[in-house]
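For reference, the structure is listed below as structure tokens.
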Amino acid sequence: MAKAENQSNWLETLLDNKKRFQFEGKSLQNDTIIRGEVEAKSEAEAREKLARRQIRVSQITKMKKRKSKKITQGDIAVFTRQLSTMMKAGLPLMQAFDIVAKGHDNASMTKMLMVVRNDVEQGNSLASAFAKHPKYFDSFYVNLVDAGETGGVLETLLDKLATYKEKTESIKKKVKSALTYPASIVVVAIVLILIMMMYVLPEFGKIYEGMGAELPALTQFMMDASDFFVSFGWIVIIFLVGGLIGFIQWHKRSRSLQRRVDAWLLELPIFGPIVRKATIARWSRTTATLFAAGVPMVETLDSVAGASGNIIYEEATHEIRSKVNQGISLTSGMQATNLFPNMVLQMASIGEESGSLDDMLNKTAEFYEEEVDMAVASLSSLMEPIIMVVLGSIVGVILVAMYLPLFNIGNVM
């Protein structure tokens, strides 16, 4: 293990020191024009490498260094699709890896893929090489690749895996957009109110102090709130930001808190049904993909639990796995959790009886993905006017409170 880690570190250091050069030249073997890329520490070394390949260089330019960014599941989905396409085209695995890794915009992704390639080149299976990077390749991914290698159908299962990753990433983005939009509007509203309280209202307060008039109750309340924010506003902001960061870190480390948050998300009045449908779609597609690949049901449910994306469904999947292990049908195990709608249970039952469980669960996933699409579209159109009305009402009350004394003075005069 230590040796493998040292080799990975050595490879990453080597990749960091190398530069990429784009070249054009003529092959001395068949007199054809060749264009491509080469990695080297300097232009001189790049020319030497090309000369050893019997290429006479006519033009060579250093390529712009790619930025190292965080590797996302979207990057993994794109990589899986590219690798699947190239292997279907008949390219050897090592060559496909080279093309995909070196052509990626994210330098971090390139480093990680080259480490995986190096492991495979040393005789490890592709699945075991992926398993060394659990942050990016979960047990579901590794199991499917392992099934593909064992059955000699790696290209086919990579295609299924790419489709799965694309579908799940798409559904995750839709749910995030449904939750992010109202949250961002709330943040903007809070910032706007703080600015008005800390900078705008104090100026009006100075004017009213000079007038010496008694302020209406609403205006006095706003002025008292403004005085509080002027005195303690930055403390409040630091407390709110610190509290948010602390909560996020606590959520990452505490499984009990994650469970409460996931349960709360499922019970939300408007957003809960969207989260639930997205989770069921992900659960159904993951189960169908692994089962279709020939992975035994008990092992399938192990991977599905980790890939469900919600602790409530993860724990329920462990319960289903336990029942299936005892000889109980998948449908009965699902029904006992009280988390799956009747339609999902009926589809699973038909699939088990007809021997087409993967097909039925895929259809279930497609149905719920469409449901999420429609729900997010209708929610976006519904939330926008509601949020604008609420935000406008808050700002309107503050404006009325600021100008109310001026109206009263006008009435007295």
Side-chain angles (χ1 to χ4, degrees), residues 1-23 34-50 52-53 55 60-142 144-146 148-149 154-155 157-159 161-162 165 169:
M1 182 66 75
K3 185 178 178 182
E5 287 179 3
N6 289 335
Q7 288 171 338
S8 297
N9 292 336
W10 170 82
L11 184 60
E12 289 186 17
T13 304
L14 185 64
L15 287 169
D16 281 336
N17 292 333
K18 285 189 175 181
K19 303 178 181 70
R20 295 168 73 218
F21 295 88
Q22 197 168 40
F23 71 89
I34 297 177
R35 298 179 182 86
E37 297 176 11
V38 62
E39 286 188 346
K41 293 181 180 178
S42 64
E43 184 178 326
E45 185 182 322
R47 288 180 178 275
E48 286 178 14
K49 281 188 172 184
L50 293 170
R52 287 197 294 270
R53 288 163 56 184
I55 297 173
I60 186 166
T61 54
K62 180 182 172 183
M63 298 178 68
K64 190 176 179 181
K65 190 174 181 181
R66 292 169 296 173
K67 293 181 179 178
S68 292
K69 299 178 288 185
K70 181 181 177 182
I71 299 174
T72 65
Q73 285 302 309
D75 291 329
I76 302 298
V78 171
F79 154 72
T80 308
R81 173 57 67 197
Q82 290 174 333
L83 187 62
S84 165
T85 303
M86 290 186 184
M87 290 192 69
K88 276 189 170 183
L91 270 69
L93 180 61
M94 293 294 97
Q95 188 179 351
F97 249 97
D98 273 338
I99 295 170
V100 174
K102 293 176 182 177
H104 209 283
D105 292 334
N106 187 350
S108 299
M109 187 73 178
T110 298
K111 291 176 191 175
M112 189 266 289
L113 291 179
M114 292 305 288
V115 171
V116 172
R117 182 196 181 283
N118 187 52
D119 283 341
V120 176
E121 201 169 36
Q122 290 176 5
N124 294 316
S125 68
L126 183 59
S128 64
F130 282 142
K132 293 179 181 178
H133 306 272
K135 185 177 179 182
Y136 310 116
F137 303 103
D138 55 19
S139 60
F140 165 76
Y141 197 106
V142 173
L144 212 57
V145 171
D146 185 47
E149 287 185 296
L154 184 58
E155 308 90 39
L157 288 188
L158 279 173
D159 181 61
L161 191 50
K165 297 293 286 184
E169 283 303 301

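Sequence positions, counted from 1, serve as the residue numbers for this chain.
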Between Asp159 and Arg81, is there a salt bridge with N-O shorter than 4.0 Å?
-> yes
Donor-acceptor under 3.5 Å (Glu149 side chain, Leu126 main chain) = yes
Stepwise, does the side-chain contact (heavy atoms from CB on, under 4.5 Å) test hold for Phe137 with Met112?
-> CA-CA 11 Å; Phe137 303 103; Met112 189 266 289; 3.6 Å; yes
Spatial distance of atom CG (Leu154) from atom NZ (Lys88) [nearest 0.5 Å] = 11.5 Å
Identify the two heavy atoms, one from Leu83 and one from Ala96, that lie closest to each other, and give their separation to 0.1 Å.
-> CD1-CB, 3.7 Å
Could you tell me the separation between the CD atom of Gln73 and the CG atom of Asp138, rounded to the nearest 0.5 Å?
-> 6.5 Å
In Å, rounded to the nearest 0.5 Å, how long is the span from CG of Asp146 to OH of Tyr141?
-> 13.5 Å
Are the side chain of Thr80 and the backbone of Ile76 linked by a donor-acceptor contact shorter than 3.5 Å?
-> yes
dist Ile99:CD1 -> Met86:CE (nearest 0.5 Å) comes out at 5.0 Å
For Val100 and Gln82 the tightest heavy-atom approach is CG1-OE1, 3.3 Å
What closest approach, in Å, do Ala46 and Ala40 show between heavy atoms, and which atom pair accounts for it?
-> N-CB, 3.5 Å
dist Ile60:CD1 -> Leu50:CG (nearest 0.5 Å) comes out at 5.5 Å
Output the distance between atom OG1 (Thr110) and atom CZ (Arg117), rounded to the nearest 0.5 Å.
-> 13.0 Å
Is there side-chain contact between Ser108 and Lys111, with at least one heavy-atom pair below 4.5 Å?
-> no
Looking only at heavy atoms, which two atoms of Ala131 and Pro134 are closest? And how far apart?
-> O-CD, 3.5 Å
Leu113 and Met109: CA distance, side-chain angles, deciding distance, side-chain contact (heavy atoms from CB on, under 4.5 Å) verdict = CA-CA 6 Å; Leu113 291 179; Met109 187 73 178; 4.0 Å; yes
Would you check, one step at a time, whether the test side-chain contact (heavy atoms from CB on, under 4.5 Å) holds for Val145 with Leu157?
-> CA-CA 7 Å; Val145 171; Leu157 288 188; over 6 Å; no
Got Val115 and His133 here, is their nearest side-chain heavy-atom distance under 4.5 Å?
-> yes
Considering all heavy atoms of both residues, which atom of Asp119 and which atom of Ala129 are nearest to each other, and what is their separation?
-> CB-CB, 3.8 Å
Ring centroid separation for Phe97 and Phe79, is it under 6.0 angstrom?
-> yes
Heavy atoms, side chains only, cut-off 4.5 Å: are Val120 and Leu93 in contact?
-> yes
